[in-house]
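Have a look at the structure below, then the notes.
Read the numbers this way: they start at 1 and go in the same order the structure lists the ligands and their atoms. Here the structure is a predicted model, which is why all the values come from computation and not from measurement.
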Amino acid sequence: MKLLVTGGAGFIGSNFIRYWLTNHPDDQIINYDLLTYAGNLENLADIAGNPNYSFVHADICDLTSVNRAMSTVDTVVHFAAESHVDRSITDPSSFVRTNVLGTQILLEAALKNDVKRFHHVSTDEVFGALSLETSEKFKESTNYNPRSPYSASKAGSDHLVRAYGVTYGLPITITNCSNNFGPYMFPEKFIPLAITNVLEGKKIPVYGDGLYVRDWLYVDDHCRAIDIVLQKGKVGETYLVGGMTELYPNIEIARKILKLLDKDESFIEFVKDRPGHDRKYDIDWTKIKTELGWEPKFSFDEWLEKTVLWYKRNEQWWKNIKSGEYKQYYTKQYGK
Ligand SMILES: NC(=O)c1ccc[n+]([C@@H]2O[C@H](COP(=O)([O-])OP(=O)(O)OC[C@H]3O[C@@H](n4cnc5c(N)ncnc54)[C@H](O)[C@@H]3O)[C@@H](O)[C@H]2O)c1
């Protein structure tokens, strides 16, 4: 197979490229990435010399570059996006441009170049929010109800992908997954932010009352799910991918991280809530389990321990990120 991976220098995309070249060493991958603040080629330093890997530095909104990159591949795996909810609240337009327009340009090029599969990576946030009390979960049949500019732009991209499948017969698949965590996750997101702050002797900022609940998915489990969908998934179908059998509120996750790092709860600091903060996301991943035989490999606690260890061992990686542009963003978001 020859794959075009968009957003391969980001968190999940870089893990996916490493996963794919380890498990399919004869396949070729083109990593197509604009290297925004979230793109970091250091994530792939160990892969850069692999003869089956190449990098294209370009924008998914640039149709000419996209067409050129797509002309030699049979499969597209589309991760590239503006991905952080907080940033979408302060700058929605870049989310619409990349997530909606960028996806449509990729779809157009995929049609023109007759790709055999266009796989779109999306989020459970398109389904809106659940209340804390309900045991209801998101399913493939749940109506869309996005509530932030990020999730609205991802919802728009999902609709376009499906529309290109139905209208033009483009062979598409979609996965909507829950919050990922694991190595190389940009430390603006909750779990790596919490771990790296504590390693720096700082507090963990917890929004509002801390009772926000998410399903968490280890990034390698997610990459394996995409692999299975590419190999065995039905064209035109959507699969939800989640990682939990038991849910924990953010405050409990902060406590688990503190325990793994031998610190007490004085390292928790409650901060002003995010506007329109979705209370709970929970995913029913029965379809991918029963139809394709996928399930997470380990429990959340086991994966969290491995993640903490990775951040402890890779201090230089996240310290490089936490200087520079990120510093200004952090002060604006959480104060000093
Ligand atoms: N991180 C999560 O927990 C999570 C959960 C559900 C779904 N997703 C989805 O998975 C995908 C990957 O998420 P992530 O966390 O790895 O994101 P990320 O922000 O870490 O990486 C995004 C990558 O896309 C690149 N990019 C951005 N705009 C681009 C453009 N115009 N052209 C080319 N490249 C561009 C960036 O440089 C970066 O490398 C996204 O589509 C996101 O919506 C993420």
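- Among residues two or more places apart in sequence or in another chain, the side chain to side chain donor-acceptor pair (under 3.5 Å) test is passed with Lys312 by none.
- Protein neighbours of ligand 1 below 4.0 Å, counting non-hydrogen atoms: Gly7, Ala9, Gly10, Phe11, Ile12, Asp33, Leu34, Leu35, Thr36, Ala38, Gly39, Ala58, Asp59, Ile60, Phe79, Ala80, Ala81, Ser83, Thr98, Val121, Ser122, Thr123, Tyr150, Lys154, Cys177, Ser178, Asn179, Asn180, Lys189.
- Paired with Asp284 under the rule salt bridge (Lys or Arg N to Asp or Glu O under 4.0 Å), one option of Lys139, Lys289, Lys137 passes, and it is Lys139.
- Ring orientation note: the planes of Tyr168 and Tyr164 are tilted relative to one another, at an angle of 30° to 60°.
- Applying the side-chain hydrogen bond (donor to acceptor under 3.5 Å, both in side chains) test to residues at least two apart or on different chains, the pairs with a partner in residues 247-258 are Glu246-Tyr248, Glu252-Arg255, Arg255-Glu265, Lys256-Asp301.
- A salt bridge links Arg279 to Asp209: one of the charged nitrogens lies within less than 4.0 Å of a carboxylate oxygen.
- Annotation: salt bridge (charged side-chain N to carboxylate O under 4.0 Å, His left out) contacts of Glu305 (sequence neighbours excluded): none.
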